[in-house]
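To start, the structure itself, in structure tokens.
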Amino acid sequence: MAYRTHFCGALRKEDISTTVQLAGWIHRKRDHGGLIFIDLRDHTGICQLVFKPQHTDVFERIEHVRVESVICITGAVIPRSEDTINHEIPTGEIEVDVHALSIENLAEPMPFPIADETQTSEDLRLKYRFLDLRRERLHSNIIYRSKVIAEIRKYLSALGFNEIQTPILTNSSPEGARDYLVPSRLHPGKFYALPQAPQQFKQLLMVAGFDKYFQIAPCFRDEDARADRSPGEFYQLDMEMSFITQDDLFVVLEGLFDQLTKTLSKKRIWQLPFPRIAYRDAMNRYGSDKPDLRIPLEIQDVTAIFENSGFKVFAQNTAKGRCVKALVLKGKANEPRLFYDKAEDYAKTELGLPGLAYIRYRDGEVQSPIYKFLSDAEKAKLIEALNVQTGDVVFFAAGAWEKTCKAMGTIRNYFGKTYPIDKDLLAYCWIVDFPMFEYNEESKKIDFSHNPFSMPQGGMDALLTKDPLEISAFQYDIVCNGIELSSGAIRNHKPDIMYKAFEIAGYTKEETDARFGHMIRAFQHGAPPHGGIAPGIDRIVMLYRDEHNIREVIAFPMNQKAQDLMTGAPSDVHEKQLRELHIKLDLPK
RNA sequence: GGAGCUGUAGCUCAGUUGGUUAGAGCGCCUGCCUGUCACGUAGGAGGUCGCGGGUUCGAGCCCCGUCAGCUCCGCCA
């Protein structure tokens, strides 16, 4: 005999006078002595059951059953009287008069309430993850995640993408994050690595002629956790396409996110197509390569105004590679003193800035610790250049370009919190034209700034003739509301350009062959132009669910120290297992 | 590796300048209750104040150390 004929959340007044079987968890219980109400919950929702003393056996058996026990019932759907209708729930017009009961599983008292969303300590929630997942918030997040993935598959399959799995046991790559290693039994002393991303495989799939590939790909990186970074493993929508330009890819991704937004959310995309902002502009205007465009503040450059200024702090920062940046806050000149003090304190403690100069253009007076150092001409130029009006306040920072931009970007985000932000606005944008190379201060050499397989803009000609630090790559990020969802690139499919790029980064031909021989070899046997991207699934779900911690969108996450508090992983293994793998432990004391 | 915050009943928390027997709500147990929907109501059980040391006549509270969780920095091609 079947367990159920209906789902709890599906019953309506149309079902009145039918006999139904329901199965689920006791969500809440209200025992009136001569009458017991139970809210029965399943995956679909909640339905009220009524137990009446006329059914003596059933009534007596349910009396001492605790919440979260699993029961199956048979009963009649009956209407509720007008005054007992519950307008808060979809099934509130009816209830089920129970006349048969099967108790499937008695629940011990819960370590924390399931029906209440009471804040509960993180370690307890992780230890009893199977209970936490019953709670409304997590349960709906996981269902939502499933829908996002289903919609992605639907959209990409319709565009001719093929979903292809790539190896989980693969090779260690010294670049990038720390690898998770897996010892080989058949090859003593050798190790597999779990993939940090299927990067090379997806490019090889393009060489193999599959044209368009995607995968909901697990990625493993042994790096420390953050609120938006799961330790150990996370999921990417990994994609790659052949014979495409950067613009072709943008169209596909914009369509995908438009589709996700329309079908799964009441949120709105701010601008479609997404704005495209060059990396350098993003740094100059927003102080970040992942700007939150919803914040109505933009950084301005005032370096030129202070050339030869009498104010030495600014004047010494007008040389090449240095700058003076200004951030105008409209109408914020008359905040309490604490507003400016707290901002300065934040700049000093969090950003390590020596201070945060400001000018308050108040009604009839200007209040500023630096105003007295400025000439009348500089004062006038500032007002003109920044379009300052009475009631505005301007903050300044000066120094090396990148550091100053980033500091101002952090200040911009800090002040951004004082403006109303539309939670349902999705301000997607593309950050484009990332530099191909960067100067590594530590090793005093030129490094790839992102993916070594990206195509330099200008191709071989640029590599041969331009200052490497001036070369841009066809390398882009997709950003939404200040969250970096992914990097991507049009790849370098030409071996000669690849050797040259590696040479600039300090690799000889032999070293390049040794490390990336299989890639070069592939590109020597007919490689199509191709490119791709790999948006983080977890972060997409966080964004659409307004969650600020990645654990809230993962069914079984690990804690900050990469432990699974439910299963106890990582754990000791038997001596025999170690022997088979030819591994001896050398533990720190 | 470093910094910050937190740690008191099963859960969420309060606990005064260091002072008698450490409290509340929820949950749990035993009753009463036929229209609740966070049901109501009476009673009861439940504590290594994270752990260790110190100061003190006396420590949940002060000091030192340590553990755990979270957040951030480093790290994340």
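Each chain gets a letter, A, B and so on, in the order its sequence line appears, and its residues count up from 1.
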What is the base-pairing partner of [N], counting Watson-Crick and G-U wobble geometry with both distances under 3.5 Å?
{"N": "U34(B)", "result": "none"}
{"N": "C5(B)", "result": "G69(B)"}
{"N": "U55(B)", "result": "none"}
{"N": "C11(B)", "result": "G25(B)"}

Quick one: label [X] by what it contacts on the DNA or RNA (base, sugar-phosphate, nothing), any heavy atom closer than 4.0 Å.
{"X": "L124(A)", "value": "sugar-phosphate"}
{"X": "R229(A)", "value": "base"}
{"X": "E88(A)", "value": "nothing"}
{"X": "N559(A)", "value": "sugar-phosphate"}
{"X": "K52(A)", "value": "base"}
{"X": "T118(A)", "value": "sugar-phosphate"}
{"X": "Q48(A)", "value": "base"}
{"X": "R551(A)", "value": "sugar-phosphate"}

Give the rounded distance in Å between these two atoms: [atom1] of [X] and [atom2] of [N].
{"X": "R28(A)", "N": "C37(B)", "atom1": "CZ", "atom2": "P", "value": "11 Å"}
{"X": "E552(A)", "N": "C70(B)", "atom1": "CD", "atom2": "P", "value": "12 Å"}
{"X": "L131(A)", "N": "C11(B)", "atom1": "CG", "atom2": "P", "value": "13 Å"}
{"X": "I114(A)", "N": "G10(B)", "atom1": "CD1", "atom2": "C1'", "value": "13 Å"}
{"X": "K406(A)", "N": "C73(B)", "atom1": "NZ", "atom2": "P", "value": "12 Å"}
{"X": "Q200(A)", "N": "A77(B)", "atom1": "CD", "atom2": "P", "value": "14 Å"}

Looking at [X], does any N or O in its side chain come under 4.0 Å of the phosphate oxygens OP1/OP2 on [N]?
{"X": "N451(A)", "N": "A77(B)", "value": "no"}
{"X": "R226(A)", "N": "G74(B)", "value": "no"}
{"X": "Q119(A)", "N": "U12(B)", "value": "no"}
{"X": "R178(A)", "N": "A77(B)", "value": "no"}
{"X": "N86(A)", "N": "G35(B)", "value": "no"}
{"X": "R30(A)", "N": "U36(B)", "value": "no"}

Polar pair under 3.5 Å, donor/acceptor by atom type, side chain [X], base [N]:
{"X": "R80(A)", "N": "U36(B)", "result": "yes"}
{"X": "Q563(A)", "N": "G69(B)", "result": "no"}
{"X": "D39(A)", "N": "C37(B)", "result": "no"}

Quiz item: Between E122(A) and R551(A), is the closest basic N to carboxylate O distance under 4.0 Å?
Solution: yes
Quiz item: Would you call R30(A)-D39(A) a salt bridge at under 4.0 Å N-O?
Solution: yes
Self-check item: Charged tip of K202(A) within 45° of Y213(A) ring normal and under 6.0 Å
Solution: no
Quiz item: Would you say the side chains of T166(A) and Q215(A) form a donor-acceptor pair under 3.5 Å?
Solution: yes
Practice problem: Compute whether any side-chain donor of one residue and acceptor of the other, for R221(A) and Y180(A), lie under 3.5 angstrom apart. | Solution: no
Separation between the [atom1] atoms of [N] and [M], rounded to whole Å:
{"N": "U55(B)", "M": "C63(B)", "atom1": "P", "answer": "15 Å"}
{"N": "C61(B)", "M": "G52(B)", "atom1": "P", "answer": "13 Å"}
{"N": "C49(B)", "M": "A59(B)", "atom1": "C1'", "answer": "11 Å"}

Self-check item: Atom pair CG (L205(A)) and CE (M241(A)), whose distance is rounded to the nearest 0.5 Å
Solution: 14.0 Å
Exercise. Map D31(A) and K561(A) onto RNA chain B by nearest heavy atom, then report which one ends up closer to the 5' terminus.
Key: D31(A)
